Amino acid sequence: MESLNPWDAALEYFDEAAALMGLDTAIHQILRQPKRSLIVSVPVRLDSGDVNVYTGYRVHHDVTRGPAKGGIRYHPDTTLDDVKALAMAMTWKCAVVNVPYGGAKGGIRVDPHGMSRHEVERMTRRYASEILPFIGPNRDIPAPDLNTDGQIMAWIMDTYSVNVGHSVPGVVTGKPVSIGGSEGRPEATGRGVMYQILSAFKTLGMGVDDVSVAVQGFGKVGSSVAKLLHDQGCRIIAVSDLSGGIHNERGLDPEAVVRHVRECGSVGGFPGADPIANADLLALDVDVLVPAAVEGVINESNVDRVRARLIAEGANGPTTPAADRALNDRKVLIVPDVMANAGGVVVSYFEWVQDLQAFFWSEEEVNRRLRQIMERAFLEVYGMTREKGWTMRQAATVLGVSRVAEAWRVRGLYP
Ligand code: GLU
């Protein structure tokens, strides 16, 4: 049975790319380790008066091309290995879309769902204080990830700003527009996934109309992808969240599902759809499958059931290496996470640039530039697959690693 440890998977994909491209051995060894990893204790006073102590992390994988960049997640399965893997993926992701950042990730091992807003605020501010020496607009710029949002970024920005004595909007991205956030940031990851899928359709000679789509995970990314693809004419036949999924072959209206989730808390019980288990959603006979939840959902144990023709990885690390090999053997086209979901960090970059210049763009401007970058990355990576016979994941990883390696080469090893 294969290991489901995300760090093992991240190293396996990296080692494979290193071998394909003939990466310099020293640079390979350096990049197999994160540059620095911080583990912090996060004591939080609960509304009851009791204190809970959580473990938090912030990892910088590499900062050769610019400040470290990556999200912060609140999730009960978060471990140091998980955060290391996600930080490495951010390094390649930023390089694939060629934004001037290194890779970082952070998180707290906690399930925030049972917590009050005040408890989440106190936890966020304490975690922000603990990682304060690590972050900064030229050092490391956090952003939302699983179970974190614009409000949480606002609390981090405020905690940092109060401590340094002046307002520093550029210390986080994905914050509300009222304090220096960017138009278009909340749906940017989903929009980027849509651009990648449209590019894939074009190269496969497929039309958009009536293409069937299943989306696993109906959070910020999954719900945006579903809405945007629905607007393009695709048929969203199934979506799911932690509680399970809903299925209708004639197609769901994602806007109505979002309204239902707002009222009822989950997709379950949506009128006019049948319930479907997450495991069965992954096995639907669809044109496009978008895993947009957590790592390792497509693995050795269920890959034989997957029937989608195209998989666009909205989540980070949803496909394990063994499943990836099996899907490649069956000629399933996989648009890998480091490219498919890079729209979020691209618009984070736009947000940071706007903050540093104190000059803000319209949503049309943001979306136009995002589209340009996502289409360029797709064509570059797709071109490499044609030229070298590599998979999209191999080509995207090689492209990302080669940009980081080139930065390492010209900067040199100190001392
Ligand atoms: N959390 C997102 C990701 O995994 C966005 C990171 C960012 O914008 O810095 O790509």
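We count ligands from 1, going down the list as the structure has it; atoms in each ligand are counted the same way. This structure is a prediction, so every number in the text was calculated from the model and none was measured.
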Per-atom contacts of ligand 1 with [X], taking only distances under 4.0 Å to non-hydrogen atoms:
| X | answer |
| --- | --- |
| Gly344 | 8 (O) |
| Met90 | 3 (C), 4 (O), 6 (C), 10 (O) |
| Asp145 | 1 (N), 2 (C), 4 (O) |
| Gly70 | 9 (O) |
| Lys93 | 3 (C), 4 (O), 10 (O) |
| Lys105 | 1 (N), 3 (C), 4 (O) |
| Arg185 | 5 (C), 8 (O) |
| Lys69 | 7 (C), 8 (O), 9 (O) |

Once you restrict to heavy atoms under 4.0 Å, what part of [X] touches ligand 1? Side chain, backbone, both or neither.
| X | value |
| --- | --- |
| Leu86 | neither |
| Ala342 | neither |
| Arg73 | neither |
| Lys220 | neither |

**Exam field: side chain Arg191 to backbone Asn367, donor-acceptor pair closer than 3.5 Å** =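 Pair absent, no side-chain N/O of Arg191 close to backbone of Asn367.
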
**Item:** Heavy-atom nearest neighbour in the protein, as seen from atom 8 (O) of ligand 1, with distance rounded to 0.1 Å
**Value:**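 Residue, atom and distance for the closest contact: Ser348 OG, 2.5 Å.
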
**Asked** Any idea which protein heavy atom is nearest atom 7 (C) of ligand 1, and the distance to it?
**Response**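 Sorting protein heavy atoms by distance from atom 7 (C) of ligand 1 puts Ala143 CB, 3.3 Å first.
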
**Request:** Examine Arg369 relative to Trp361 and say whether NZ or CZ is less than 6.0 Å from the centre of the six-membered ring and inside a 45° cone about the ring axis.
**Result:**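 Pair Arg369/Trp361 counts as cation-pi.
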
Output a table of donor-acceptor pairs, distance under 3.5 Å, between side-chain atoms of residues 303-313 and any protein atom two or more places apart or on a different chain; print 'none' if there are none.
residue	atom	partner	partner atom	Å
Arg305	NH2	Asp280	OD1	2.9
Arg307	NE	Ala283	O	3.1
Arg307	NH2	Ala283	O	3.1
Arg309	NE	Asp287	OD1	3.1
Arg309	NH2	Val286	O	3.3
Arg309	NH2	Asp287	OD1	3.1
Glu313	OE1	Asp337	N	2.8
Glu313	OE1	Arg393	NH1	3.1
Glu313	OE2	Thr319	OG1	2.5
Glu313	OE2	Arg393	NH2	2.9

**Asked** Strictly under 6.0 Å, is that where the ring centroids of Tyr13 and Trp92 end up?
**Response**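 Not under 6.0 Å, so no.
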
**Request:** Just say parallel, tilted or perpendicular for the rings of Tyr349 and Trp352, cut-offs at 30° and 60°.
**Result:**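 Answer is tilted, since the angle falls between 30° and 60°.
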
**Request:** Take the angle between the ring planes of Phe134 and His60 and call it parallel below 30°, perpendicular above 60°, tilted in between.
**Result:**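 Phe134 and His60: tilted rings.
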
**Request:** Apply the side-chain contact (heavy atoms from CB on, under 4.5 Å) test between Arg125 and each candidate in Val120, Ile156, Asp158; give the one that qualifies.
**Result:**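 Testing Arg125 for a side-chain contact (heavy atoms from CB on, under 4.5 Å) against Val120, Ile156, Asp158 leaves exactly one candidate, Asp158.
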
**Asked** What residue among Leu229, Ile197, Leu198 forms side-chain contact (heavy atoms from CB on, under 4.5 Å) with Val208?
**Response**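 In the set Leu229, Ile197, Leu198, the residue that makes a side-chain contact (heavy atoms from CB on, under 4.5 Å) with Val208 is Leu198.
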
**Message:** Within this structure, what is the OG1-CG distance for the pair Thr79 and Asn5, rounded to the nearest 0.5 Å?
**Reply:**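 Here the interatomic distance stands at 6.5 Å.
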
**Request:** Can you see which heavy atom on Asn278 is nearest to which on Leu242, and at what distance?
**Result:**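 Closest approach of Asn278 to Leu242, heavy atoms only: ND2-O, 4.4 Å.
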
**Message:** Would Asn316 count as a polar contact of ligand 1, with the cut-off being nitrogen or oxygen pairs under 3.5 Å?
**Reply:**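 Asn316 vs ligand 1: N/O contact under 3.5 Å present.
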
**Prompt:** Does Pro144 have a heavy atom less than 4.0 Å from any atom of ligand 1?
**Reply:**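 Yes.
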
